[in-house]
Amino acid sequence: VNGFDLTTRTVKWQRNIGITTSIAYSDMALDGNQLFVRGPNGYLSAINKMTGTVNWTKPAYLAPICANNKVYSYNYDYKIYSLDPATGNVITQFNPNLGVGTTPFVDGTTLYVSSATPANPTSTYFIASYNAETGAEKWRKDVGVYYDGPVVAGSKIYAINSLAASNPTLYTLKSFNVNYGDVIDS
């Protein structure tokens with residue numbers, strides 16, 4: 001990860017986040033002066049965006065998302081955690097029996113996720129919503145196939161059928177009701 005001075009167009013700082021190849025990826029979120037980066041090494045690091053100082057590091061499975069003065073992170077134990085951005089300490093542990101999941105999406109006080117049940121991650125796919133403060137489940141809806149996303153806009157949750165990654169002709173964008181998870185548009 002590199003921090004740049006936009007005035008001089010020079011590199012201010014560099015941090016290694018576990019990348020060992022010339023082609024790599026990382027997931028990032030920005031909140032105030034902190035950059036939250038999940039590297040391919042499976043760790044989420046909080047980095048001061050001005051100095052490049054690593055403030056803390058925690059295991060993380062998917063990209064972080066910042067909302068409500070928290071960092072939400074999906075971990076290898078099939079749980080989502082809300083973390084204190086300054087310390088990395090756990091604020092809330094969501095135990096929604098997630099399996100293989102996507103990066104959660106937070107809209108106000110609701111966290112949305114698309115996932116597969118860990119006991120049978122090839123057949124039990126669902127979209128669910130949780131109270132973003134307490135982790136309490138609001139609703140869960142079986143959806144038949146695995147969806148990437150979700151993203152919320154207005155009163156709809158939008159998600160793309162993940163089979164499209166292996167076969168672009170299968171791209172299916174669906175919308176779901178944010179209050180109950182029912183399919184609105186197929």
Side-chain angles (χ1 to χ4, degrees), residues 1-4 6 12-20 24-116 118 126-140 146-154 157-160 162 176 178 181:
V1 177
N2 296 322
F4 292 92
L6 295 179
K12 277 180 77 172
W13 54 262
Q14 292 181 310
R15 288 295 166 260
N16 182 333
I17 58 167
I19 298 172
T20 58
Y25 66 92
S26 63
D27 299 308
M28 299 182 200
L30 182 65
D31 187 39
N33 273 337
Q34 296 232 83
L35 177 64
F36 300 94
V37 181
R38 188 199 60 91
N41 61 356
Y43 284 88
L44 174 66
S45 297
I47 302 172
N48 181 296
K49 74 175 185 179
M50 302 305 288
T51 66
T53 302
V54 176
N55 296 321
W56 53 262
T57 300
K58 300 275 185 186
Y61 178 64
L62 291 172
I65 186 167
C66 298
N68 305 324
N69 298 314
K70 297 176 183 73
V71 179
Y72 294 87
S73 176
Y74 184 2
N75 206 336
Y76 289 99
D77 59 3
Y78 303 127
K79 297 175 185 170
I80 295 173
Y81 294 89
S82 68
L83 308 173
D84 181 313
T87 65
N89 293 336
V90 173
I91 298 171
T92 306
Q93 174 182 305
F94 297 73
N95 191 11
N97 197 27
L98 293 174
V100 177
T102 62
T103 298
F105 187 88
V106 179
D107 184 38
T109 60
T110 305
L111 180 139
Y112 299 91
V113 68
S114 175
S115 193
F126 64 90
I127 291 179
S129 72
Y130 302 91
N131 181 300
E133 295 296 317
T134 67
E137 184 176 298
K138 292 183 175 185
W139 54 260
R140 177 186 294 225
Y146 187 65
Y147 283 90
D148 287 327
V151 175
V152 176
I157 303 165
Y158 294 93
I160 296 174
S162 68
F176 304 87
V178 295

(message) Measuring from atom CD1 of I91 to atom OG1 of T134, what distance do you get when rounded to the nearest 0.5 angstrom?
(response) 13.0 Å
(message) Before you tell me yes or no, could you show the steps for Y81 and V71 under side-chain contact (heavy atoms from CB on, under 4.5 Å), namely the whole-Å CA-CA distance, both residues' side-chain angles and the distance that decides it to 0.1 Å?
(response) CA-CA 8 Å; Y81 294 89; V71 179; over 6 Å; no
(message) I need the E137 CD to L111 CG distance, nearest 0.5 Å.
(response) 11.5 Å
(message) Can you confirm whether N89 is buried at CG, in the sense that more than 12 heavy atoms of other residues, nucleotides or ligands lie under 6.0 Å from that atom?
(response) yes
(message) With a 4.5 Å cut-off on side-chain heavy atoms, are T110 and F105 touching?
(response) no
(request) Find the distance between CG (L6) and NZ (K12) and round it off to the nearest 0.5 Å. (result) 9.5 Å
(request) Could you tell me the separation between the CZ atom of F176 and the CH2 atom of W139, rounded to the nearest 0.5 Å? (result) 8.0 Å
(request) For T53, enumerate each residue passing the side-chain contact (heavy atoms from CB on, under 4.5 Å) test, keeping only those at least two apart in sequence or located in another chain. (result) N48, T51, N55
(message) Between V113 and I80, is there a side-chain heavy-atom distance shorter than 4.5 Å?
(response) yes
(message) With heavy-atom distances below 4.5 Å as the criterion, would you say the side chains of W56 and L83 are in contact?
(response) yes
(message) If you define the side chain from C-beta out and look only at heavy atoms, does anything of I65 sit under 4.5 Å from P104?
(response) yes
(message) For K58 and S73: C-alpha separation, side-chain torsions, deciding distance, then whether side-chain hydrogen bond (donor to acceptor under 3.5 Å, both in side chains) applies.
(response) CA-CA 9 Å; K58 300 275 185 186; S73 176; over 6 Å; no
(message) Side chains of W13 and I47, heavy atoms from C-beta outward: is any pair under 4.5 Å?
(response) yes
(request) Check whether any side-chain heavy atom of L44 lies under 4.5 Å from a side-chain heavy atom of F36, and answer yes or no. (result) yes
(request) Measure the OG-CE distance between S45 and M28 for me, rounded to the nearest 0.5 Å. (result) 11.0 Å
(request) Could you tell me the separation between the NZ atom of K49 and the CZ atom of F4, rounded to the nearest 0.5 Å? (result) 15.0 Å
